[in-house]
Structure formats: C-alpha cells, structure tokens
Amino acid sequence: MKIYNTLTKKIDDFVPNEEGKVKLYTCGPTVYHYAHIGNIRNYIGHDILDKTLRYLGYAVTRAMNITDVGHLTSDSDSGEDKMEVARKREHKSAMEIAKFYTEAFFVDFEKVNCKRPEIVSPATENIDEYIKIITKLLEDGYAYASGGNIYFDISKLDNYYCLTNQDSNLVVGARESVDEDSNKRNQADFALWFTTSKFENHELLWDSPWGKGYPGWHIECSGISLKYLGEYLDIHGGGVDNIFPHHTNEIAQSEAYLGHKWCNYWFHNEHLIDESGKMSKSKGDILTVSVLENQGYDPLAFRFMCLNSHYRKQLLFTYDNLDQAQSTLKKLKNKVLSLSKEGEKDSKLFDHYVSKFKEALSNDLNTSNALAVLYELLKDSEVNDATKRALVEDFDRVLSLDLLKEEEKNSDLDAEIMSLIEERKEAKKNKDFAKADQIRDDLLVRGIRLIDTREGTTYEMIKD
Ligand code: AMP
Ligand code: ZN
C-alpha cells in the first residue's frame with residue numbers, strides 16, 4: 001500500500017515494523033460536546049484506513065483515546081480545560097459530561113458504520129502512565145518545573161519541527177495571539193503537567209510528585225499509545241489541525257522518553273468545511289449525524305459523500321451535496337438489491353475486480369476510484385449477478401455502505417404494503433389496470449414507491 005506521510009511529505013510505500021502486523025493510533029474526540037459532522041468525517045477517514053489495512057491482509061491493532069481532561073480552550077497551553085467549561089455550562093460533574101458525550105459520540109460513529117478500535121481509553125484512566133513518562137523526562141533533562149507546572153524544553157531537541165518543517169520564528173509568530181506564559185523558558189515549550197489553574201473550582205485533579213494537578217493534552221496520546229501499542233508505532237493519525245502543536249509535541253515527548261524513533265507514518269485528514277469556513281464545536285449550533293438523521297437523511301449518505309472525495313482534500317458540506325449523495329446511494333443500492341441471487345460465482349472475474357479495488361485503495365486510499373470500480377462492475381455485462389453480489393459484499397467490508405442490507409421495514413406497515421402488492425398483482429392478472437394503478441398511486445401519496453423488477457415488486461420509502 002502507498003500512503004501519504006506527513007513526516008516525509010510524500011506518498012510512501014507502507015512497510016510495517018513487524019511483517020503482516022499494524023499498530024495504529026487515532027486521536028479521539030474531546031468529549032465536552034457533541035461530535036460534529038466534521039469530526040465524524042475525520043473518523044470515517046480513519047475507518048477506511050483501518051479497514052483497508054485489514055482488507056489487504058494485515059492484522060491491525062488500533063487504539064484511540066477519549067480526551068476527558070487536559071484539552072484547553074486553546075490548542076496550546078492557554079485557556080480553561082474544555083471539560084471544566086462544559087461542567088460549568090451544564091452544571092454536572094466532568095465525569096458525567098464525559099460519559100454523556102462519549103456515548104453520544106459512539107452513537108454517531110456507529111451510525112456511519114465506523115468500527116470501534118480494539119482499544120478505546122479515556123485520558124483520565126492512564127494518569128500513572130503520564131506520571132511515569134514525565135518523571136523520566138525530568139530525570140533526563142528534557143523537562144523542567146516552573147511556577148508549579150512541568151514543561152517540555154523543546155530546545156533539547158534538534159528536530160522538534162520535523163512534522164511541520166516550520167522554523168521556530170514562524171511558530172512563535174503564530175502563537176502571538178496566545179497568552180504568554182511567564183513560567184516557560186521558551187514560549188514554544190509545552191506543558192506536561194499543570195498544578196496551577198487561573199480558573200476557580202477546577203475539579204479534575206490527581207496527586208502527583210509535583211503536587212495535585214492534571215495532565216497536559218499531548219501527554220495523554222503518547223501515554224495511551226505507549227501503554228497499549230508499545231514502543232514502535234506504525235501509523236498515527238488525526239485531523240490536519242492536530243499536526244501542530246499536538247502531534248509535534250507527541251513526537252517530541254515520546255522520542256525523548258524512548259530514546260529512539262517512535263512512529264513511522266503520520267496520517268492526516270483534511271477538514272470538512274461549511275459555507276462559513278471550518279466547522280467547530282465551540283461555534284454554537286452543532287450539526288451532528290443524529291441531527292441529519294432527524295432531518296430525514298440516511299447517515300450512510302453522509303459516509304458516501306465523504307467517500308466520494310479524497311481524505312486529503314477539504315470537503316464542502318452543503319445540503320445540496322448531501323441530497324445528491326443520498327439519491328446516488330439509493331440508486332446504487334437499488335441496483336445492487338436487484339441483482340439476482342441465482343447462479344455461480346466466477347472466481348477469475350471475482351479476483352480481477354478485487355485486484356482493481358485493492359489497487360484503488362492502495363493508492364493513498366483513493367475511495368472515489370474504489371467506487372468507480374464498483375460502478376464499472378455493476379455495468380459489466382460479462383459478469384453474472386452472483387459474481388457481482390459476491391464482489392459487492394466483499395467491497396462493502398471497506399466501504400461499509402450496507403449495500404446488500406435490505407431496508408428495515410416496519411413490520412405492520414410492511415405486511416400491509418405486501419398485501420396491497422399482492423392485490424395489485426391479482427388486479428393486473430385480471431386486467432383490472434385501473435385498480436392496479438389506483439393501488440400504486442395511493443401508496444405513492446403515502447410516500448411509498450413501488451418498484452417493479454424481474455423478480456417481482458418491492459417498495460421504497462420516499463424521503464423528502
Ligand atoms: P476534537 O473532538 O475537537 O478533539 O476533534 C476530534 C478530531 O476531529 C480531531 O482529530 C480533529 O483534528 C478533527 N476535526 C476537528 N474539526 C474537524 C473538521 N471540521 N473536519 C474534519 N476533522 C475535524
Ligand atoms: Zn492525540
């Protein structure tokens with residue numbers, strides 16, 4: 001497989017540390033609010049990566065954190081912990097907030113058919129791990145205590161900016177809008193542990209050798225990754241906004257701690273934007289997958305819309321785009337469901353299309369080309385229905401669009417419609433076409449469209 005690597009700034013051949021095995025880490029959500037559809041686009045990108053690796057035969061172990069402490073309102077070290085902000089907003093404890101939004105996150109995550117990583121670990125459950133790492137960083141001179149906090153000293157590394165190729169002046173410039181922290185030796189140093197907060201009633205605190213406090217945001221991902229996936233990581237990913245400072249700082253502290261290179265491939269997903277620009281959880285109304293569903297959209301239409309674009313390109317969300325995705329997906333599904341179940345699978349043609357599909361995905365996860373292979377297959381008159389069905393099932397291991405899943409039907413309604421379909425069939429047989437048409441039209445008024453196929457009549461619910 002070839003994959004774009006932010007570390008080398010090019011598309012690299014993927015070679016795991018251990019043959020046939022992949023250790024994969026994904027930065028998880030900050031659970032102080034609902035995950036918006038931009039966040040979910042990011043996890044769809046990671047899901048495609050995860051499933052493609054498995055499809056290609058790798059044994060993948062994947063871990064993801066849940067940020068329930070330490071992410072301040074700024075991505076650098078200023079502002080209040082986002083969990084504290086939510087706690088005050090909702091008058092609940094931080095753990096109640098975290099539990100609520102973690103559950104809500106996974107509801108939407110699963111609605112778009114993302115597979116849960118093997119390991120999902122909340123930041124608050126690994127405090128000992130961070131203390132262990134920070135203690136060693138202090139012993140080895142990479143970290144220092146100042147004003148009650150512990151900071152990482154970036155001047156101790158030659159290649160701190162390896163992920164961004166930024167020069168330090170640029171970064172300091174970019175940070176001018178951020179509050180100066182007089183405790184830092186260099187304003188680009190970053191916090192590993194805080195014992196101070198300028199905000200009142202800070203709830204999330206743990207004992208540590210440096211006093212009661214709480215971890216910085218970056219240390220949680222290093223800690224969780226090292227604890228569950230070991231010292232050598234194959235792929236680490238997040239959204240493009242995670243490149244700096246989050247991933248830059250993760251590399252600095254992990255490699256200083258380990259004394260060797262930590263992760264070989266850095267995978268970053270571009271943002272979903274709306275007409276006003278980047279989506280943000282702090283912007284007020286949060287557009288979630290569940291909200292879209294309540295508006296009558298199929299969550300998988302959103303997944304389909306994401307798969308039609310490349311993960312390294314920004315994607316503009318509009319309702320027109322989503323409408324189009326929904327109607328194309330519906331047509332695609334109808335086509336797939338009309339394939340006959342009879343016949344024998346042709347292994348040669350099967351292998352031919354599998355290799356085309358693999359080729360598209362292996363080329364830096366080109367999902368729109370992978371979908372083009374599917375369209376080509378459905379049009380190919382040389383391939384019989386049984387082979388097509390088998391291939392669709394196979395491709396859907398990665399695409400996860402439920403292409404072969406019959407719509408779940410309300411059983412009472414389903415029974416009523418099925419008996420009307422029978423009545424219509426009978427009317428047609430008796431050449432009572434007026435009655436047959438009347439049944440069809442009455443159903444249409446109720447938002448139920450009959451579809452006549454070679455195998456008989458089915459129906460679909462029309463969404464407005
Ligand atoms: P957060 O919950 O804010 O920590 O974000 C969770 C993940 O979503 C992070 O990896 C972000 O990089 C990513 N992300 C944030 N905003 C967007 C967006 N508009 N489009 C795609 N990904 C995003
Ligand atoms: Zn992270």
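In each ligand, atom 1 is the first atom listed, and ligand 1 is the first ligand listed. Bear in mind the structure is a predicted one, so any value in this text is a computation, not a measurement.
Taking the six-membered ring for Trp and the full ring otherwise, Phe267 and His236 have centroids separated by 6.0 Å or more.
Under the 3.5 Å distance criterion, the side-chain polar atoms of Asn321 are matched with a main-chain donor or acceptor of Leu316.
At least one heavy atom of Asp241 sits closer than 4.0 Å to an atom of ligand 1.
Contact annotation: His246 places an N, O or S atom under 2.8 Å from the Zn ion (ligand 2).
Applying the 4.0 Å criterion to heavy atoms of Thr30 picks out, from ligand 1, the atoms 1 (P), 2 (O), 4 (O). Near Leu272, meaning under 4.0 Å from one of its heavy atoms, ligand 1 places the atoms 18 (C), 19 (N), 20 (N), 21 (C).
Geometric assessment of Lys23 against the ring of Tyr232 yields a negative cation-pi assignment under the 6.0 Å and 45° thresholds.
Across the listed options Gly38, Cys27, Gly239, Gly38 owns the non-hydrogen atom lying nearest to atom 21 (C) of ligand 1. Comparing Tyr43, Tyr32, Phe317, Tyr34 by heavy-atom distance to atom 7 (C) of ligand 1, the nearest is Tyr43.
Note on Lys356 versus Glu359: no salt bridge recorded, every NZ/NE/NH1/NH2 to OD/OE distance being 4.0 Å or above. Salt bridge Asp12/Lys2: absent, no basic N to carboxylate O contact under 4.0 Å.
For ligand 1, one of its N or O atoms has an N or O atom of Asn242 under 3.5 Å away. Residue-to-ligand polar distances keep Glu270 apart from ligand 1: every N/O pair is separated by 3.5 Å or more. Where the criterion is an N or O separation shorter than 3.5 Å, residue side chain and backbone included, Lys82 fails it with respect to ligand 1.
The SG atom of Cys27 and the SG atom of Cys221 subtend an angle of 130° at the Zn ion (ligand 2), given to the nearest 10 degrees.
Side-chain contact, Gln295 with Tyr319: a donor N or O sits under 3.5 Å from an acceptor N or O.
When non-hydrogen atoms are compared, ligand 1 lies under 4.0 Å from neither the backbone nor the side chain of Arg41.
Under the 30°/60° scheme for interplanar angles, the aromatic rings of Phe395 and Phe357 are found to lie parallel.
Residue-environment remark: CG (Asp158) stays at or below the threshold of 12 foreign heavy atoms within 6.0 Å.
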